[in-house]
Structures are given as structure tokens and as C-alpha cells.
Amino acid sequence: MSQPLTATRPTTAGISLSPLRQPPPLCTFLFIIVLIVATFYTLHHPDATPPLLFSRNTHNSLTLRRLFLSSASNATISSYLRALTRHPHLAGTKPSLDTLSYVTNHFQSLGLDTRLAEYEALLSYPAHISLAARFSNNTTVEFDLNDVTADDDVVRPYHAYSPSGSAQGSVVFVNHGEERDYRALELIGVSVRGCVVLARKGESLGRGGIVKIAEAKGALGVLIYAENDGGGFGGVERGTVMRGIGDPVSPGWPGVVGGEKLSLEDGEVTKRFPKIPSLPLSLRNAEIILASLGGARAPVEWRNSGRVGSGQRVGSGQTVVNMTLQGELKMKKVHNVVATIRGSEEPDRYVILGNHRDAWTYGAVDPNSGTSALLDIGRRFSVLLKSGWRPRRTILLCSWDAEEFGMIGSTEWVEENVLNLGASAVAYLNVDCAVQGSGFFAGATPQLDGLLLEALKLVQDPDDVALTVEDTFKSQNNIIERLSRVDSDFSGFLHHAGIPSIDMYYGADYPVYHTAFDSYDWMIRNADPLFHRHVAMAGVWGLLGIILADEPVIPFDYISYAEQLQAHRDALRKLLLGKASVDPLSMAIQKFSLVAKEAADEAKMLKEQAYSKNDAAAAGRRRELNDRMMLAERGFLDSQGIKGKEWFKHLVYGPAAEPESKLGFFPGIADAIAINSSEGMIQHEIWRVARAIQKASRALKGGFT
């Protein structure tokens, strides 16, 4: 079992924060000495750079990491979260400017070079919402659509970008609203054409996908509820139903202030929005409607699943609803905050840490548990800077805006900087909800798997002082997911720009998601009373940033990537059942594996040389290898993108356009299989992926053919 390097956690007013473990005495002594020396030097040489107390060797790298972890403070993180969540701060509203100022002032107070990247984007807000029902006995009810006991300054539950309008029709229950659910209804003779559908949100299809399928089936409107009931509080889940990500009126280019904006009538804009209205419902209101339905019994596979009982009916004809939504589309300023720690040796190479700060309501979990961790990483980095440390490469700490509307802030920034990112970004490290509950979870591109596990070994588990995060991760989860999903700010970096990425969080999910009860009080009563999990997440996140910024040879493992590609090919072969040949993939992956092994051997040799001699020739060879490893991920991009979702360029990890796609990788191939394309079309998509892997191989090997 690896020994963690975390330190004590002090107390804060109003909450008792007990220490987990005292730091090693030598580490504490060194930390005090370093701070005294740095402070003395700064007082007598205010305009000079502090002396470099950390030379580039393995011993001092370990000391640096110990110092970073020993400066952890759950009390400080708690104070950040309390300040950020005093008021709801939906993007584009006045309270969101308060959180903008808070984050900006924090980074500036640490002496970090802090800048704003400002954009204009089309955001969506509710003006009027109503829902009434008439039951078979001719009684009627006007539903209260708010969260139970929600404050007046919390935005009413709604679906952003749902079109304004009314829909009246019989209710049909469609389970999760997936294609297979509609097929099951057809088998029992139930159609949704001309009806309003009621769907319970599942795991495989987002609210936008639910609405898109219902629209295609001829429904007039959609009601969506979540079965978790806001943790028993009567919460209602808000969210967006826009298709794609980024500002809808500047698709494919940055929505800079004064830049080109398409009209709302432009086809490129209208295709991003549903044609039928939708509303979120509380579980309580949904159950009233469900209990009133007559008609056929629900298909067998739906029964006794979640809260759907064996006697559940699906409608239609017994209950009629009238739903009305009047929304407002407004151009709003969107503000990203970017704090820069300039690298000492390779300032033109960038390691990027990012989190969004806008929230549907108070945002204690989503996203400000991550924001508070990012602010504390900035504070700890400033301690290291005052001690004389400078990262080898430049570190960016980014606070994104308007993520909840469709990753707008980060997407516009990626679009504005896509060429520079492609040339110089080492990796993007994303944390959205730092703490939702217990258990560490992560997704990553495969070359980062080993580095992530190494970082987990260094951090003490927040729930068991005798273990590291790696110990509990391997015993409880031990799966690093792949990032084909589109649900946080890593999407633009990976799927559009081809930047190696990690996404991390504590807790699989949480019951107050996007409701008015996602508050500081809920956090301290349920998810992380002592903020130990916040400290652990900040420790892992910050260490990843330090290692990627400081290691002479970037710690990417493309052998791991090759093994993952082989596993994907094997899974695809089983799904195809001989309908098409995977031989092009096999040949491309075989070549990639050989190049990955060569790169690993070269990296091992150059890393050893980095700590034994520091001549210019060796530095040049390291730089050249690092660039090849950095650029290899870009090889998986295709300029034509994924058919039906052309903005998404990554052919290995990216979102499938078809909801029925059965693979979490190779999205173009998965789509072709899902829509029963011809063998030739499936084979073409296989060749596209093979060519992308070949490009990645050439980038990793370097040189020309």
C-alpha cells in the first residue's frame, strides 16, 4: 500500500474540521524553512524573482509535491464554497457577475496574471410557465411547477431553448423516451402522435435526446421528470434541450463581442432547437399524472423498474394536459476567467485546469464544489511560487461561464484559440462537480491512465486515513471511463481540438442535481461535512497539473492507448458479426502499437538523462519527443467530423449522433451500425478510423513518409 502525502486540515468557524493525519515532521520542517527563506528574500528583494529552491531532480520533485499537499486547507475550501453559493448565479444574471468578481479578485490577490475572455451568446430564460390537467372524472388541477419551498430568486424550473408555445393533448407515458420504448408501445398498439408524452429521465438519453425523439414521433409536447425527487425535498431538475454545444448563433466560430451572429431564422440556428415545447416536472406531479392514466398496461420490461409499478398504465385518452411555455432568448455577455502561471523553461507549452462557475441555482455541488477546489489550488500554487518554484511549462487556471446552457464559455474559448491549442496544449484537466458523494470516479484519454493512478497513490483517502485514494478507487470502482460523453467542459478540448483530457469527480451522482436544494447546507449535511473529499480532489487535480507541467518528459503512455484501441476493435468485431472487416483497424493499431513502444523506450532513456545531465542536445531531444506525444492525440481528429455532428472531430472518442448507437467509442462506426447502413458505408467508417489511427502513429513517430 502506498503512503499518502496529505497533511492536516484546520478548522473553520461554524464547522468542526478534524485533521486526518499529521504531515511527516521533516516535511513540516522543510515547509517552514522554505517559507522563511522565501519571505526573507522577498522582503529584501521585492522586485526580484525568489531563488529557485527546487532544482529539477526526482528528490526535489517529491519534496515539491509534499509541500503542495501539506498546504491543504478544508477550512479555506469551505469558506470559498460558502461565499460562492450565497445566491443563485445563473449565467447572464446580475448575481453571476458577483461570482465572476469573486473568482477574479481571488486570483489577482494571489498575484497571478488574471485576464477575462468575454463573449456574447444567446441564452434562454423562462417568462411564463403553466401546466394544467383534466382527468377522466372531469376534475382539473393546475400544477405548481416550482421546487417545494424554493426562494423567489431561484429561476423557475424550465428547459433552456425549449420553444415558446402551448401544447394540449392526451398524455402517454413513454418510459425513458428511447427508441426501444416507442417500439414497445407500438407492439401494444399505442401511438404518441398528437399527444403529450411523459418521460422519466434515464441514464443513456439526455433531456435533449428525449425531446428530439418525441418530436420525430409526432408528439406535441414533452414532460420530463427525475425519479430521485430532489432527495425527497420536492426538487425539480432544470436543464438545457439545445442540440450541440456552444453559442447557437455563432456555430463553429467564437462569439466574440462585435463578431458575426446568425439570425434566429437561419437554418444553422433553428436546427439547434426543438420544435415542440418541453417542461421539467417534480416526481410528485409526475406521479399524479401517472396514477390517472388508463389504457394499455405498461410493457413488461418497464414494470417494477424504478417507481413504475406492475399495474402502471400508459394512456392515452384518460388524462389531457395543457402546457404553456413563454420563453425569452437574450444576447448576454459570457465571461471566462483565465489565470496564468508562466513556465520557466517551456512557457509556450500549456497545462490547463478548468471548471465552470455558473449554476442553475446555488450550485454547491454543480459546479462550485469544483470552483472552490480550483481556487484552493490557485492558493496553494501561490505558496509554492513564493517559495521559489516555477513550473517548467505554463499552467492555466480557467473558470468557465455558461456551461449549463451547453458548455458555451469553454466552447467559445476553444474556438477562438483552437490553432494555438493544437500547437501547444499538453493536456486539459477538468473538474465539474468535485464532490457529489463518496467514491472517486474519473474519465480520461488512455495515455493519461497511468499518470492518474500515480497521482491517486500520493493522496490520502478522505474516508479512510489508512488508505490512499488509489487503494479505495481500485477496490470500489477501478474503471477509468472514456470521454465520449458530452456533459462538461472537456468536450471542446477533446472532441474538437484533440487535447488529451481528464475529468474527475467524487460520488456517482446526487439527488439534488439542478434543483433549488443544491446548496451549501446540503453539502455539509450530506456529501462532505468536513470537506475532506474536497481536499482530496484538489490534491489529485493539483498534483496532475504539477506533474504535467514539471516533468522533463511528459508522462504520456501510448502503449496504454494502443491496448485500449485493441480492446475497442475486439468489441466492434463481436458487434459486427462479420458484416464488415476490421482488418484496416487491425493493421493501423498494430503499427500504432509499435510506434508507441518506440516512444516509450525513447521517453525512458531521455528521462534518465534529464536527471543525470542537462546539455542542450538532450533538452532538444526531449522537446521534440514531448511535441510528438502532445500532437499524437490530434491525429484522431478528422476535418469532416462525425456525420450528423460535424463540429465533433474525434473519431475514436466522441458523441454518436444516433441515440441507438451501441458503442462508447468509434462514434461514426457506431452510428452507421445503428441506422442499419450498408456494408459499404460501415466499411467506409472503419477506414476513416483506421486512417485517423495512422495519422496519430505518424505524429507520434515524427518525420515524414
Side-chain angles (χ1 to χ4, degrees), residues 58 349 425-427 442-457 478-483 494 498-502 544 547-548 550-573 582-613 617-638 650-653 665-666 686-705:
T58 54
R349 296 293 178 262
V426 174
T445 46
Q447 76 274 62
L448 287 164
D449 288 357
L451 172 62
L452 176 60
L453 293 175
E454 286 302 310
L456 298 186
K457 291 178 182 178
N478 202 29
I479 297 174
I480 299 176
E481 300 171 345
R482 298 303 166 219
L483 297 176
L494 175 59
I499 310 302
S501 298
I502 293 178
L544 287 170
I547 295 169
L548 284 166
D550 266 354
E551 283 295 304
V553 177
I554 297 173
F556 285 170
D557 178 9
Y558 278 99
I559 294 177
S560 175
Y561 216 128
E563 293 170 348
Q564 186 68 86
L565 289 172
Q566 290 167 351
H568 293 339
R569 177 209 55 200
D570 294 343
L572 174 62
R573 179 187 284 128
V582 298
D583 287 348
L585 282 179
S586 296
M587 290 185 290
I589 294 170
Q590 183 180 21
K591 176 64 174 177
F592 186 85
S593 299
L594 292 173
V595 174
K597 176 65 166 59
E598 293 172 359
D601 291 342
E602 186 179 357
K604 181 179 179 181
M605 178 188 67
L606 290 174
K607 185 175 181 179
E608 292 171 352
Q609 291 178 357
Y611 294 120
S612 61
K613 60 179 180 178
R621 289 193 295 271
R622 288 196 302 271
R623 169 83 169 192
E624 194 262 343
L625 172 62
N626 285 338
D627 283 354
R628 286 189 274 125
M629 291 196 294
M630 184 180 70
L631 294 173
E633 187 75 42
R634 294 8 158 216
F636 299 121
L637 302 179
D638 184 279
H650 205 293
L651 297 191
V652 177
Y653 299 117
F665 47 87
F666 302 161
I686 290 174
W687 273 109
R688 288 184 71 202
V689 176
R691 287 192 290 270
I693 296 172
Q694 290 167 355
K695 285 194 302 178
S697 294
R698 286 194 290 271
L700 186 57
K701 186 174 182 64
F704 298 93
T705 55

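Please read these numbers as outputs of a predicted model, since none were measured by experiment.
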Q | Full working for side-chain contact (heavy atoms from CB on, under 4.5 Å) between V426 and F556 | A | CA-CA 10 Å; V426 174; F556 285 170; 4.0 Å; yes
Using the side chain to side chain contact (heavy atoms under 4.5 Å, CB included) criterion, which residues pair with [X]? Sequence neighbours excluded.
X: A425; value: I352, L421, I499, R634
X: E624; value: E602, R628
X: D601; value: K597
X: A603; value: V553, L625

What pair of heavy atoms forms the shortest contact from [X] to [Y], and how long is it?
X: P584; Y: A690; result: O-CB, 3.6 Å
X: L700; Y: A596; result: CD2-CA, 3.9 Å
X: L585; Y: L572; result: CD1-CD2, 3.6 Å
X: A455; Y: L544; result: CB-CD2, 3.8 Å
X: A632; Y: A699; result: CA-CB, 3.9 Å
X: I559; Y: A600; result: CD1-CB, 3.8 Å

R573 meets the salt bridge (charged side-chain N to carboxylate O under 4.0 Å, His left out) criterion, sequence neighbours left out, with D570
side-chain hydrogen bond (donor to acceptor under 3.5 Å, both in side chains) partners of [X], counting only residues at least two apart:
X: S593; result: Q566
X: T445; result: Q447
X: D557; result: none
X: K604; result: none

The complete set of salt bridge (Lys or Arg N to Asp or Glu O under 4.0 Å) pairs with one or both residues in residues 445-455, sequence neighbours excluded, reads D449-R482, E454-K457
Contacts satisfying salt bridge (Lys or Arg N to Asp or Glu O under 4.0 Å) that involve residues 693-705 (not counting sequence neighbours) are E598-K701
message = Could you check whether atom CD of Q590 has more than 12 heavy atoms from other residues, nucleotides or ligands sitting under 6.0 Å from it?
response = no
- Query: Is there a side-chain contact (heavy atoms from CB on, under 4.5 Å) between N626 and R349 once you walk through the steps?
  - Reply: CA-CA 10 Å; N626 285 338; R349 296 293 178 262; over 6 Å; no
Taking atom [atom1] of [X] and atom [atom2] of [Y], what is their separation to the nearest 0.5 Å?
X: I547; Y: L451; atom1: CD1; atom2: CG; answer: 5.5 Å
X: S560; Y: I480; atom1: OG; atom2: CD1; answer: 7.5 Å
X: L448; Y: S501; atom1: CG; atom2: OG; answer: 8.0 Å
X: L494; Y: L483; atom1: CG; atom2: CG; answer: 6.0 Å
X: I554; Y: M630; atom1: CD1; atom2: CE; answer: 6.5 Å
X: I686; Y: R691; atom1: CD1; atom2: CZ; answer: 11.5 Å

Is the shortest heavy-atom distance from the side chain of F592 to the side chain of Y561 under 4.5 Å? yes
Please tell me if the side chains of H650 and E633 come closer than 4.5 Å, counting only heavy atoms from C-beta onward. yes
When you look at F666 and V652, which way does the side-chain contact (heavy atoms from CB on, under 4.5 Å) test go after all the steps?
CA-CA 5 Å; F666 302 161; V652 177; 4.2 Å; yes
